[in-house]
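So the structure is just underneath, and the comments pick up after that.
Throughout, residue positions are numbered sequentially from 1 according to the sequence presented. Order of appearance sets the numbers: ligands from 1, and atoms from 1 within every ligand.
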Amino acid sequence: MASYSQKTYAQRGKEHTHPLVKELFATMERKQSNLSLAADVSTKAELLALADTAGPYICVLKTHIDVVADFDADLVQQLQALAAKHDFLIFEDRKFADIGNTVKLQYGGGIYRIADWAHITNCHVIPGEGIIQGLAEVGMPKGRGLLLLAEMSSVGMLATSAYTDKNVEMAIANDFVIGFIGSRRFTEERDLITMTPGVGLHASGDALGQQYRTPTKIITENGSDIIIVGRGIYGPGKDAATEAQRYREAGWTAYLNRLGLK
Ligand code: BMP
């Protein structure tokens with residue numbers, strides 16, 4: 001059987017059994033985009049402006065909702081309206097890491113009520129499989145999906161070898177898991193997607209350990225599915241619309257190259 005990374009997003013969407021992943025692949029195909037914007041800005045106005053500017057070019061908006069100083073319920077409503085307007089999904093990069101019972105409370109409740117609006121969220125499996133079960137109890141009935149942090153992009157990260165393999169095992173065994181954060185395709189057992197942060201066309205890293213690789217490396221060579229780009233799009237002196245288009249183009253070309261279509 002051909003590797004999933006040799007199939008088109010459209011084909012994988014058709015064959016997939018998880019409605020959210022079907023929707024994600026269909027969105028990627030419609031918009032010809034495998035770009036996710038990491039919108040790490042600290043005010044409501046900046047976040048909404050960035051989502052509106054980059055919205056036409058992305059398949060997923062990735063948020064860190066707890067860095068928004070003036071967060072309120074209206075922000076969520078406006079983000080949802082932008083998601084509908086520009087046709088993208090929302091991924092709250094919450095990185096849950098506690099026991100099942102606690103993450104249930106954190107995911108479903110509190111100020112942010114993440115499960116009510118984020119199509120996708122993610123977790124570390126350091127507490128064991130109970131974290132997935134706890135999150136699934138809240139997210140499954142709402143049709144949400146979970147990514148496991150099988151690897152990280154930063155210097156000296158500890159998610160390697162046996163730990164990464166455990167992530168893959170747990171992902172295969174749990175229907176709520178739709179894929180991974182990591183740098184490559186991890187398994188052919190079922191079609192689990194990979195979203196990759198630490199992607200940049202120009203910089204090699206930052207002063208705090210971030211490392212950047214190119215879309216060609218990540219998508220064409222490593223078989224990942226979606227590039228996550230933050231400061232490469234909205235960093236100092238950048239025009240977010242121009243950069244979002246540039247990264248969309250680079251990500252899509254890398255995908256066509258992988259398929260041998262370009
Ligand atoms: P930037 O492209 O500006 O470096 O942003 C990367 C984004 O991806 C940040 O939101 C960060 O939290 C996230 N991220 C990462 O950089 N590496 C990981 O391993 C996992 C992440 O979620």
Decide whether an N or O pair under 3.5 Å exists between [X] and ligand 1.
| X | answer |
| --- | --- |
| G230 | yes |
| Y212 | yes |
| S154 | no |

Salt bridge or not for R144 and D116, using N-O below 4.0 Å? no
Indicate yes or no: does E243 engage R246 in a salt bridge with an N to O separation below 4.0 Å. yes
Hey, which atoms in ligand 1 end up nearer than 4.0 Å to a heavy atom of [X]?
| X | answer |
| --- | --- |
| S153 | 15 (C), 16 (O), 17 (N), 18 (C), 19 (O) |
| D40 | 9 (C), 10 (O) |
| M152 | 18 (C), 19 (O), 20 (C) |
| R231 | 1 (P), 2 (O), 3 (O), 4 (O) |
| A38 | 7 (C), 10 (O) |
| D93 | 12 (O), 13 (C), 21 (C), 22 (O) |
| Q210 | 4 (O), 6 (C), 15 (C), 16 (O) |

Please compare E151, H64, R94 and report which has the shortest non-hydrogen distance to atom 11 (C) of ligand 1. H64
Which option, P197, A150, S183, owns the non-hydrogen atom nearest atom 18 (C) of ligand 1? P197
Check whether any heavy atom of K62 sits under 4.0 Å from an atom of ligand 1. yes
Could I get the full list of salt bridge (Lys or Arg N to Asp or Glu O under 4.0 Å) partners for E221, not counting sequence neighbours? K217
Does R184 use its side chain to pair, donor to acceptor, with the backbone of I218 at less than 3.5 Å? no
